[in-house]
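Report on the structure given below.
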Amino acid sequence: SQGAQPTDRVARFLEAAGARPKAARSNAKAGTPGKAMAERFLTLGADVFASDRIRKELAGLRPTDRVTGEDLARLYAKDMSGRTYATLFDRARASLVAGRPAVLDATFLDRASRTRALDVARRLGCPAVLVEVTVPPEEAVRRIEARARAGADPSDATVEVYREQL
């Protein structure tokens with residue numbers, strides 16, 4: 001008999017805390033359900049930092065503001081992405097130093113950003129795990145389109161962005 005077992009949600013938190021063996025996971029793409037999962041960590045006491053929100057904050061925008069053309073290009077330019085991820089890592093570091101778990105909600109499309117995220121935790125002696133949340137492509141498209149219609153999410157990802165990430 002194995003005795004009482006944690007729910008999936010609690011098991012994932014325990015994995016992130018290093019108190020339970022980790023399942024193999026990595027990064028997410030636009031349109032996948034990672035944001036909802038990150039929000040569930042809030043109920044477990046984790047600080048959740050989202051790159052979409054940080055990017056808009058650094059640009060002086062409200063989370064759900066939409067920009068187009070040159071403004072959109074500036075928002076996603078390499079230097080702005082660098083500032084966004086640097087701020088994301090700084091906030092995670094502050095949480096970990098304060099003894100709180102941190103969840104970073106970002107695409108982490110390149111290996112360097114994933115490595116840097118792991119290094120932030122490891123340098124402080126904290127366990128770290130990368131989580132990839134996937135859905136079938138048609139579901140990702142449905143979610144992106146629904147999110148755009150609702151206008152309540154800070155993500156600027158479009159179906160075109162999603163397809164470029166495949």
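The chain is numbered in sequence order, starting from 1. In this text, all values refer to a predicted model and were calculated from it rather than measured experimentally.
- Residues Ala106 and Leu88 come closest through the heavy atom pair CB-CD2, 4.1 Å.
- With rounding to the nearest 0.5 angstrom, the CG atom of Asp110 is 10.5 Å from the CZ atom of Arg116.
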Show your reasoning for whether side chain to side chain contact (heavy atoms under 4.5 Å, CB included) applies to Gln165 and Leu109. CA-CA 8 Å; Gln165 292 175 349; Leu109 292 175; 3.5 Å; yes
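- Looking at every heavy atom in both residues, Ala157 comes nearest to Arg147 through CB-NH2, 3.6 Å.
- Ile144 CD1 to Arg149 CZ: the interatomic distance, rounded to the nearest 0.5 Å, is 11.5 Å.
- The two residues Ala92 and Leu104 have their closest heavy-atom pair at CB-CD2, 3.5 Å.
- For the pair Arg122 (side chain) and Ala128 (backbone), a donor-acceptor distance under 3.5 Å is absent.
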Would you check, one step at a time, whether the test side chain to side chain contact (heavy atoms under 4.5 Å, CB included) holds for Arg91 with Ile54? CA-CA 10 Å; Arg91 291 180 184 177; Ile54 290 171; 3.5 Å; yes
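- Of all non-hydrogen atoms in Thr84 and Ser51, the two that sit nearest each other are CG2-O, 3.6 Å.
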Step by step, work out the side chain to side chain contact (heavy atoms under 4.5 Å, CB included) result for Asp52 and Asp156. CA-CA 8 Å; Asp52 291 327; Asp156 292 306; over 6 Å; no
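- Scanning all heavy atoms of the two residues, the minimum distance from Ala121 to Leu96 falls at CA-CD1, 3.8 Å.
- Looking at heavy atoms from C-beta onward, Lys56 lies in side-chain contact with Leu75 at the 4.5 angstrom threshold.
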Arg74/Glu70 under side chain to side chain contact (heavy atoms under 4.5 Å, CB included): CA gap, chis, key distance, verdict: CA-CA 6 Å; Arg74 277 193 296 278; Glu70 290 181 20; 3.8 Å; yes
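- Within a 6.0 Å radius of CD in Glu138, more than 12 heavy atoms belonging to other residues, nucleotides or ligands are found.
- Residues that satisfy the salt bridge (Lys or Arg N to Asp or Glu O under 4.0 Å) test with Arg53, not counting sequence neighbours, are absent from this structure.
- Ring-plane geometry between Phe108 and Phe89 is classed as parallel, the angle between the planes falling under 30 degrees on a 0 to 90 degree scale with a further cut at 60.
- In summary, Arg93 and Asp90 engage in a salt bridge, as defined by a charged side-chain N under 4.0 Å from a carboxylate O.
- Between Arg163 and Val141, the shortest heavy-atom contact is NH2-CG2, 4.0 Å.
- The shortest side-chain heavy-atom distance between Arg55 and Leu61 does not fall under the 4.5 Å cut-off.
- Glu160 pairs by the side chain to side chain donor-acceptor pair (under 3.5 Å) definition with Thr158, not counting sequence neighbours.
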